[in-house]
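Structure, as structure tokens:
Values below: all heavy atoms of this structure, side chains included; hydrogens, waters and symmetry mates excluded. Chain letters run A, B, ... following the sequence lines, proteins first, then strands; residues in each count from 1.
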Amino acid sequence: MATSYQQDDSLDSAAEFTDNVESRETLGKVFEVIFLLGLLIGLFILVLLLFDIFRDGLGRFLTPGFLTETPSRFPDQGGIRPAIISSVLLGTVVILVTVPIGVGAALYLEEYAPKAWWTAIIEINISNLAGVPSIVYGLLGLGVFNYLLGFGPALISGALTLSLLSLPVIIVTAREAIRAVPDSLRNASYGLGVTKWRTISSHVLPYAIPGILTGVIISVSRAIGDAASLIVVGAVGFLTFDPGLFQRFMALPIQIYSYITRPEPGFADAAAATIIALLLLILVLNGVAIYIRQRFSIR
Amino acid sequence: MQNINSQEDPYLLSRQSLDKNPSEDISEKIVAVILFACALVSVLTTFGIVVIIFQETFGFFQEVSFAQFFLDTKWTPLFADRHFGVWPLINGTFLTTAIAMAVAIPLGLSSAIYLSEYAQPKVAAVLRPAVELLAGIPTVVYGYFALLFVTPLLRHIIPLEIFNALSAGLMMGVMITPTVGSISLDAIKAVPRSLREGSYALGITKLETIFKVVLPAALSGIIASIILGISRAVGETMTVLIAAGLQPKLTVNFAESIETMTAYMAQISGGDSPRGSLNFKTLYAVGAVLFVITLALNIVSYWVANRFKEKYD
């Protein structure tokens with residue numbers, strides 16, 4: 001190549017060079033399509049999954065009483081009311097427990113924590129907890145809430161287990177929201193002689209609330225979709241009464257799992273119908289999150 | 001962190017001396033202590049996990065030897081002929097994980113590359129959250145889809161058992177794609193523009209720039225995302241419990257039914273094994289192995305991500 005370049009006149013070498021670029025650019029176009037396909041495959045499967053579930057479950061979902069009756073031994077009868085009530089109760093407890101603790105921890109780490117080895121340990125610890133599998137949290141819940149505190153396989157045990165599971169995510173998102181509050185806001189408040197906590201509670205927190213709430217809702221909708229930890233803690237697959245805090249409990253994902261594992265054919269459709277209910281619940285929660293972010297963000 | 005508020009600040013001290021309300025100082029201190037207590041909950045959680053898992057695991061190893069657990073090749077704790085070799089469960093876990101990563105790595109990376117290098121910002125703003133929806137679908141739903149849609153479909157092409165590692169692994173891969181994708185995307189976006197422009201200036205095409213400049217520069221973030229994806233796959237429960245079966249086997253045949261560590265744990269729990277029984281303790285022994293593996297993967301991922309982070313700043 002190098003020698004031929006010396007001998008050729010400029011036009012020829014330019015032509016040769018252009019040819020090469022063209023084939024390389026063509027390869028580039030081919031790969032652009034491959035990358036796009038890689039992206040679209042995931043979305044295609046998502047659409048396929050939703051289509052399959054609605055095809056299998058919509059009829060059953062629209063059966064009168066499906067949302068309002070207790071389960072039946074027959075796949076085409078009864079409903080999922082105890083599972084819905086369980087999931088709503090679980091979600092409520094998770095919010096009540098994780099919001100104060102999670103926001104408190106985030107405020108401590110962002111506003112109070114000195115730069116020291118032990119605050120670094122807390123931070124690394126939180127990021128590690130976010131990667132602990134759900135079922136391991138189940139073991140923790142079983143040991144602490146079922147046995148140590150004596151709640152047994154009750155809804156409160158499951159709810160507290162899900163709370164611990166959600167906490168790291170809430171702390172991380174709340175920290176990001178708090179970090180995004182401009183320092184000028186704090187400094188203006190301090191400049192007027194306002195104390196630290198009053199500055200935080202009256203200026204930093206209101207400003208950070210949209211971000212915090214979005215994080216809370218996202219992690220609560222994850223908790224509502226979680227089943228592995230609840231299986232270990234002792235959620236049941238069949239419940240004919242509405243659960244209370246200290247009673248045996250279900251959850252929508254547990255109901256789905258229970259329906260899938262039954263051999264009679266009709267239960268698969270009942271599982272799909274329950275999935276529709278679960279997805280709608282999560283969709284509503286995420287809708288609320290988006291609404292809050294739009295409505296209350298003062299930027 | 002806020003210098004202006006530190007105790008040594010002379011202006012703040014003078015303000016405090018003017019302050020006629022000493023109770024405010026006390027309540028400020030109480031608030032700080034309460035917030036610190038909130039932060040401690042996470043440390044207590046870790047402490048609780050470690051203490052409870054290893055306490056029961058210790059009890060397990062008083063009845064079953066290390067050799068029985070780590071050298072035997074059969075896992076039959078529920079049968080009359082009891083064996084406690086954990087390898088079939090680890091085998092099942094890594095078989096499904098390998099299948100999942102064979103899906104998640106190419107899909108995740110191509111999503112990240114497309115969104116970062118090719119897509120218009122407006123298109124990317126729509127497609128990124130759309131891909132991330134995959135991670136928000138409850139895993140029990142992927143189990144349903146794997147067992148009742150993917151397996152019947154694949155059985156037209158290849159002979160599969162009803163419960164098999166392949167369908168579960170494939171769906172787990174789809175579920176993990178956003179984990180690999182979004183962390184890789186952040187890493188790729190963090191590669192400075194100047195590197196790309198330097199490459200273009202030398203007459204290098206976009207594709208060559210991506211493979212020879214951008215991806216190597218983002219490599220630590222990409223590796224971290226892959227390790228984190230592996231950790232997610234190892235810990236995933238519902239998909240494998242529903243679609244991969246409960247047959248602990250030492251096999252690499254993805255068409256067969258296998259059992260993962262998490263699926264065994266879900267199978268054994270649920271009230272059938274009374275506390276203190278050996279069956280109950282196997283739950284924790286397997287949980288300890290799972291915890292150690294995922295913890296190691298998370299630490300490596302965290303380390304890799306941070307180790308090379310500042311390189312191009």
*So which part of B:Leu297 gets closer than 4.5 Å to some heavy atom of chain A, the side chain, the backbone, both or neither?*
neither
*In terms of heavy-atom proximity below 4.5 Å to chain B, should A:Leu27 be classed as side chain, backbone, both, or neither?*
both
*Quick one: pull up CG in A:Leu48 and CD1 in A:Ile53 and give me the separation to the nearest 0.5 Å.*
10.0 Å
*CD1 of A:Ile171 to CG of A:Asn125: how many Å apart, nearest 0.5 Å?*
9.0 Å
*Would you please classify the geometry between the B:Tyr284 ring and the B:Phe280 ring as parallel, tilted or perpendicular, with 30° and 60° separating the classes?*
tilted
*Using non-hydrogen atoms and a 4.5 Å limit, figure out which bit of B:Val43 sits close to chain A: side chain, backbone, both or neither.*
both
*Heavy atoms only, distances under 4.5 angstrom: which of B:Leu295, B:Val51, B:Leu241, B:Leu147 has the most pairs with chain A? Name it, please.*
B:Leu241
*Side chain, backbone, both or neither of B:Ile49 within contact of chain A (heavy atoms, under 4.5 Å)*: both
*Going by the angle between their ring planes, with limits at 30° and 60°, are B:Tyr118 and A:Phe35 parallel, tilted or perpendicular?*
tilted
*Is it true that A:Trp197 and A:Tyr190 have ring centroids separated by less than 6.0 Å?*
no
_Counting only non-hydrogen atoms closer than 4.5 Å, does B:Val174 touch chain A with its backbone (N, CA, C, O), its side chain (CB onward), both, or neither?_
side chain
*Against chain A, label B:Thr262 side chain, backbone, both or neither, depending on which of its atoms sit under 4.5 Å from a heavy atom there.*
both
*Atom pair OG (A:Ser157) and OH (A:Tyr147), whose distance is rounded to the nearest 0.5 Å*: 10.0 Å
_Option in B:Ser301, B:Gly235, B:Gly136, B:Pro138 with maximal non-hydrogen atom pairs under 4.5 Å from chain A_ = B:Pro138
*Against chain A, label B:Glu208 side chain, backbone, both or neither, depending on which of its atoms sit under 4.5 Å from a heavy atom there.*
side chain
*asked:* Taking side chain as everything from C-beta outward and backbone as N, CA, C, O, which of these in B:Tyr144 sits under 4.5 Å from a heavy atom of chain A? Side chain, backbone, both or neither.
replied: both
*Region of A:Tyr259 in contact with chain B, defined by heavy-atom distances below 4.5 Å*: neither
*Give the member of B:Thr46, B:Leu283, B:Val41, B:Thr139 that has the highest number of heavy-atom pairs under 4.5 Å with chain A.*
B:Thr46
*Look up atom CG in A:Leu140 and atom CD1 in B:Ile52, then write down how far apart they are to the nearest 0.5 Å.*
5.0 Å
*Below 4.5 Å, heavy atoms only, C-beta onward: do B:Met171 and B:Val150 meet side chain to side chain?*
yes
*Checking B:Thr45 against chain A: side chain, backbone, both or neither under 4.5 Å from a heavy atom?*
both
_Which portion of B:Val31 sits near chain A, non-hydrogen atoms under 4.5 angstrom_ = side chain
*asked:* Do A:Arg262 and A:Phe238 have side chains that approach each other closer than 4.5 Å (heavy atoms only, starting at C-beta)?
replied: yes
*Give, as side chain, backbone, both or neither, the part of A:Ala272 having an atom under 4.5 angstrom from any heavy atom of chain B.*
both
*Hey, mind stepping through B:Thr282 and B:Tyr264 against side chain to side chain donor-acceptor pair (under 3.5 Å) and telling me if it holds?*
CA-CA 9 Å; B:Thr282 59; B:Tyr264 172 75; 2.8 Å; yes
_For A:Leu36, which atoms come within 4.5 Å of any heavy atom of chain B: side chain, backbone, both, or neither?_
both
*Do A:Pro253 and B:Met238 have side chains that get closer than 4.5 Å, going by heavy atoms?*
no
*Atom pair CG/CG of A:Asp52 and B:Leu148 - distance to nearest 0.5 Å*: 8.0 Å
*asked:* Taking every non-hydrogen pair under 4.5 Å, which of B:Val141, B:Leu228, B:Thr177 racks up the most with chain A?
replied: B:Val141
*asked:* Counting heavy-atom pairs under 4.5 Å with chain A, which one of B:Ala130, B:Ser231, B:Ala135 comes out on top?
replied: B:Ala130
*A:Pro168, part contacting chain B, at a heavy-atom distance under 4.5 Å*: neither
*A:Leu49, part contacting chain B, at a heavy-atom distance under 4.5 Å*: both
_By the definition side-chain contact (heavy atoms from CB on, under 4.5 Å), identify the one residue from A:Asp183, A:Val181, A:Asn187 that meets it with A:Leu185._
A:Val181
*Out of B:Ile242, B:Leu35, B:Leu115, which one racks up the most heavy-atom pairs below 4.5 Å with chain A?*
B:Leu35
*Examine whether an atom of A:Ser127 lies under 4.5 Å from a heavy atom of chain B, and if so say whether it belongs to the side chain, the backbone or both; otherwise answer neither.*
side chain
*Tell me whether the centres of the aromatic rings in A:Phe31 and B:Phe211 are closer together than 6.0 Å.*
yes
_A:Ile101, part contacting chain B, at a heavy-atom distance under 4.5 Å_ = both
*State the CZ-CD1 distance between B:Phe291 and A:Ile135, to the nearest 0.5 angstrom.*
14.5 Å
*Is it the backbone or the side chain of A:Ile275 that comes under 4.5 Å from a heavy atom of chain B, or both, or neither?*
side chain
*Heavy-atom proximity to chain A below 4.5 Å, by part of B:Leu107*: both
